**Student:** 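The structure that follows is given in the form of C-alpha cells.
Any value given below was found using the heavy atoms of this structure, including those in side chains, with hydrogens, waters and symmetry copies removed. Please read all numbers here as calculations on a predicted model, not as lab measurements.
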Amino acid sequence: MASNVNPTVRRRRLGQELRRLRELKGMTAEEVAERLLVSQSKISRLENGRRSISQRDVRDLCGVYEVEDQRIVDSLMEMARDSRQQGWWHTFGDIPYSVYIGLETDAESLRVYEPQLVTGLLQTRAYAEALVQGALPETSTAEIEKRVQVRMRRQERITADAGPLRLWVVLDEAALRREVGSKLVMREQLEHLVEMSQLPHVTVQVLPFEVGAHPGLNGQYAILEFADAADSSVVYLEGVTSDLYLEKAPDVQKYAVMYEHLRAQSLNVEQSRHLIAEVAKKYAD
C-alpha cells in the first residue's frame with residue numbers, strides 16, 4: 001500500500017462526497033435504498049465512512065444521482081479502490097477500534113479528556129500491559145500483547161520528526177492516583193508523562209479533585225481535527241461493545257466548548273507538571 005493512502009480517511013471523504021451528491025439530487029437515503037434494492041442502513045454506513053465501499057456501489061450510486069461528468073465518476077471510483085486497501089493497523093488482525101486508529105493516523109491535532117487513566121498515546125509499555133490485563137481480565141496473553149503493540153505503534157505519531165500529532169490532554173487527578181500495575185509501574189508512567197509533556201507539540205493539564213462537578217463528568221472523549229479542510233472534525237466516544245463518532249457541526253461544537261471549560265478549570269501546564277512529579281515521588285516510597 002502507498003504510504004500516503006489512509007483507507008479510513010478515503011472512505012470518509014468518499015462518503016461525504018456521495019452524501020453531497022444525494023442531497024444535490026434532493027433524495028433521501030430511504031429513496032436511494034429503494035432504487036437500489038438495498039437497506040437504508042447500508043446507504044447510511046456508506047455515507048458515514050463506516051463501511052467499505054466497492055466500485056460497483058459507486059457506479060450504481062452515480063447512476064441514481066445522474067452524474068454526467070465522467071471525471072467525477074472516475075475520481076470517486078479511484079477513492080473506492082483506495083478505501084479498500086490496508087492500513088498499517090490491519091497487519092495486527094482484527095482491532096476493535098480500527099476506525100478510530102485510521103482517523104488518528106491522519107489527524108493533525110487531537111484533544112483528549114481522560115477521567116480515569118493516562119491516555120493511550122502517552123502510556124508506557126508496562127502501564128499499557130497492566131491496564132489491558134485489568135480492564136479485560138478474560139483476554140488471552142496473545143491478545144493483550146497485540147493490543148499493546150498497536151498502542152506502541154500509534155505513539156509514533158507523537159515522536160515523528162516530521163508533522164507530529166499535536167496533542168492536548170486533560171487528565172482528571174484520578175488518573176494519577178489510580179494505581180495500575182504496581183507502584184514502580186506508576187512511578188515510571190508518571191515520570192514518562194512529565195517527560196512527554198515537555199515536547200513542544202504535547203500539552204498536559206490536570207483537572208484537580210478540588211474542582212468538584214465539571215463538564216467532563218459524563219466520561220472520556222476525544223476531538224480529532226484534520227489538515228484537509230474537506231475533512232470535518234470528529235468527536236470520538238469509546239464504548240465497551242461499540243464506539244460512537246459524532247461529525248455534525250453542532251455536536252462537535254458542543255464538545256469543543258466543554259473542552260474549553262475543562263482546560264480553564266484545570267491546573268496550568270507548569271502546575272500540572274509539578275503535581276504529576278510530586279505524585280510520582282509518592283509511588284517511590
**Student:** Before giving the answer on side chain to side chain contact (heavy atoms under 4.5 Å, CB included), spell out for Asp57 and Leu18 the whole-Å C-alpha distance, their side-chain angles and the decisive distance to 0.1 Å.
**Tutor:** CA-CA 11 Å; Asp57 288 330; Leu18 292 173; over 6 Å; no
**Student:** If hydrophobic clusters are built by linking Ile, Leu, Val, Met, Phe, Trp and Tyr wherever their side-chain heavy atoms come under 4.5 Å apart, do Leu24 and Met27 end up in the same one?
**Tutor:** no
**Student:** Would you say Gln189's side chain and Leu122's backbone share a donor-acceptor pair under 3.5 angstrom?
**Tutor:** yes
**Student:** In Å, rounded to the nearest 0.5 Å, how long is the span from CG of Asp251 to OH of Tyr255?
**Tutor:**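 The OH atom of Tyr255 is 8.0 Å from CG of Asp251, to the nearest 0.5 Å.
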**Student:** Taking Gln205 for the side chain and Leu267 for the main chain, is one N or O donor matched with an acceptor at less than 3.5 Å?
**Tutor:** yes
**Student:** Is it the case that the side chain of Gln123 and the backbone of Val118 share a donor-acceptor pair, with hydrogens and angles ignored and the cut-off at 3.5 Å?
**Tutor:** yes
**Student:** For the pair Glu143 and Arg147, evaluate salt bridge (Lys or Arg N to Asp or Glu O under 4.0 Å) and give the outcome as yes or no after the intermediate values.
**Tutor:** CA-CA 6 Å; Glu143 178 66 19; Arg147 286 174 176 257; 3.3 Å; yes
**Student:** Is any side-chain heavy atom of Leu184 closer than 4.5 Å to a side-chain heavy atom of Tyr283?
**Tutor:**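 No, side chains not in contact.
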**Student:** Are Met186 and Ser182 side-chain neighbours, meaning at least one heavy-atom pair lies under 4.5 Å?
**Tutor:** no
**Student:** Check whether Ser75 reaches the backbone of Ile72 with its side chain - one donor and one acceptor, N or O, closer than 3.5 Å.
**Tutor:** no
**Student:** Quick check on the hydrophobic clustering: are Leu167 and Val269 connected, directly or via other members, by side-chain heavy-atom contacts under 4.5 Å?
**Tutor:**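 The answer is no; the residues belong to distinct hydrophobic clusters.
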**Student:** Looking at Tyr100, is its backbone amide N or carbonyl O close enough to the side chain of Tyr245 to form a donor-acceptor pair, meaning the two atoms are under 3.5 Å apart?
**Tutor:**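 The answer is yes, because a donor-acceptor pair under 3.5 Å joins these two groups.
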**Student:** Between His201 and Ile158, is there a donor-acceptor pair closer than 3.5 Å when you use the side chain of the first and the backbone of the second?
**Tutor:** yes
**Student:** Checking Leu246 against Leu237 for the side chain to side chain contact (heavy atoms under 4.5 Å, CB included) test, could you report, in this order, the C-alpha distance in whole Å, the side-chain angles of both residues, the deciding distance, and whether it holds?
**Tutor:** CA-CA 8 Å; Leu246 305 177; Leu237 305 172; 4.1 Å; yes
**Student:** Specify the closest pair of heavy atoms between Ser233 and Glu225, including all atoms of both residues, with the distance to one decimal.
**Tutor:**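 In this case the closest contact between Ser233 and Glu225 is OG-CG, 3.4 Å.
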**Student:** Arg59 versus Ser54: any side-chain heavy-atom pair under 4.5 Å?
**Tutor:** no
**Student:** Would you call Glu145 and Arg125 a salt bridge, taking side-chain N to carboxylate O under 4.0 Å as the test?
**Tutor:**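 So Glu145 pairs with Arg125 through a salt bridge.
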**Student:** Look at Arg35 together with Asp60 and state whether they make a salt bridge at an N to O cut-off of under 4.0 Å.
**Tutor:**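 No salt bridge links Arg35 with Asp60.
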**Student:** With side chain to side chain contact (heavy atoms under 4.5 Å, CB included) as the criterion, how do Gln149 and Met152 come out once you've worked through the C-alpha distance, each side chain's angles and the decisive distance to 0.1 Å?
**Tutor:** CA-CA 5 Å; Gln149 286 181 4; Met152 297 300 104; 5.8 Å; no
**Student:** Rounded to the nearest 0.5 Å, what separates atom NZ in Lys42 from atom CD1 in Ile53?
**Tutor:**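 The distance works out to 8.0 Å.
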**Student:** Say whether Val148 and Leu193 are linked into one hydrophobic cluster, either directly or through other cluster members, by side-chain heavy-atom distances under 4.5 angstrom.
**Tutor:** no
**Student:** Before accepting this row, confirm whether a basic side-chain N of the pair Glu31/Arg22 lies closer than 4.0 Å to the acidic partner's carboxylate O.
**Tutor:** no
**Student:** For Ala175, is there any backbone N or O sitting under 3.5 Å from a side-chain donor or acceptor partner on Asp172?
**Tutor:**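 No; judged by distance alone, with no hydrogens or angles, the pair does not exist.
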**Student:** Ala280 and Glu191: which non-hydrogen atoms are nearest, and at how many Å?
**Tutor:** CB-CG, 4.3 Å
**Student:** Could you tell me if the side chain of His261 sits less than 4.5 Å from the side chain of His214, heavy atoms only?
**Tutor:**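 Heavy-atom side-chain distance check fails, nothing below 4.5 Å.
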**Student:** Is it possible for you to say whether Val38 and Leu76 belong to one hydrophobic cluster, with membership spreading through side-chain heavy-atom contacts below 4.5 Å?
**Tutor:**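 Linked within one cluster.
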**Student:** Keeping Glu23 on the side-chain end and Arg20 on the backbone end, is there a donor-acceptor pair under 3.5 Å?
**Tutor:**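 Side chain of Glu23 to backbone of Arg20, a donor-acceptor pair under 3.5 Å: no, none is there.
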**Student:** State plainly whether the residues Arg177 and Glu173 are in salt-bridge range, i.e. N to O under 4.0 Å.
**Tutor:** yes
**Student:** In Å, rounded to the nearest 0.5 Å, how long is the span from CG of Leu275 to OG of Ser266?
**Tutor:**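 Reported value, rounded in 0.5 Å steps: 11.0 Å.
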**Student:** Quick one, Val194 and Gln198 - any side-chain contact, counting heavy atoms below 4.5 Å?
**Tutor:**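 Touching, per the 4.5 Å side-chain cut-off.
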**Student:** Would Asp243 and Tyr236 count as a side chain to side chain contact (heavy atoms under 4.5 Å, CB included) if you check the C-alpha gap in whole Å, the side-chain angles of each, and the deciding distance to 0.1 Å?
**Tutor:** CA-CA 7 Å; Asp243 301 327; Tyr236 170 68; 3.1 Å; yes
**Student:** Side chain of Arg19, backbone of Glu47: donor and acceptor closer than 3.5 Å?
**Tutor:**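 Yes: the side chain of Arg19 pairs with the backbone of Glu47.
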**Student:** Hey, does Leu136 have a side-chain heavy atom less than 4.5 Å from the side chain of Ile144?
**Tutor:**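 Ile144 does not reach Leu136 side chain to side chain.
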**Student:** If you define the side chain from C-beta out and look only at heavy atoms, does anything of Val169 sit under 4.5 Å from Val202?
**Tutor:**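 No, too far: nothing below the 4.5 Å cut-off.
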**Student:** Do any N or O atoms from the side chain of Thr203 and from the backbone of Trp168 form a donor-acceptor pair under 3.5 angstrom?
**Tutor:** no
**Student:** Report the distance from atom CG of Asp74 to atom CG of Asp69, rounding to the nearest 0.5 Å.
**Tutor:** 9.0 Å
**Student:** Is the shortest side-chain heavy-atom distance between Glu270 and His274 below 4.5 Å?
**Tutor:**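 No, every pair of side-chain atoms sits at 4.5 Å or beyond.
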**Student:** Check for me whether the distance between the ring centres of Tyr259 and Tyr113 falls short of 6.0 Å.
**Tutor:**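 No.
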**Student:** Taking atom CD as the centre, does Glu68 end up with more than 12 heavy-atom neighbours from other residues, nucleotides or ligands that are less than 6.0 angstrom away?
**Tutor:**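 No, CD of Glu68 has 12 or fewer neighbouring heavy atoms, counting only those of other groups under 6.0 Å.
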**Student:** Mind checking whether Leu217 and Met258 sit in one hydrophobic cluster, side chains of I, L, V, M, F, W, Y counted as touching below 4.5 Å?
**Tutor:** no
**Student:** How close do Ala128 and Arg151 get, counting heavy atoms only, and between which atoms?
**Tutor:**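 Reported closest heavy-atom pair: CB-CD, 4.2 Å.
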**Student:** Using a strict threshold of under 4.0 Å (side-chain N to carboxylate O), is an ion pair present between Glu104 and Arg157?
**Tutor:**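 No.
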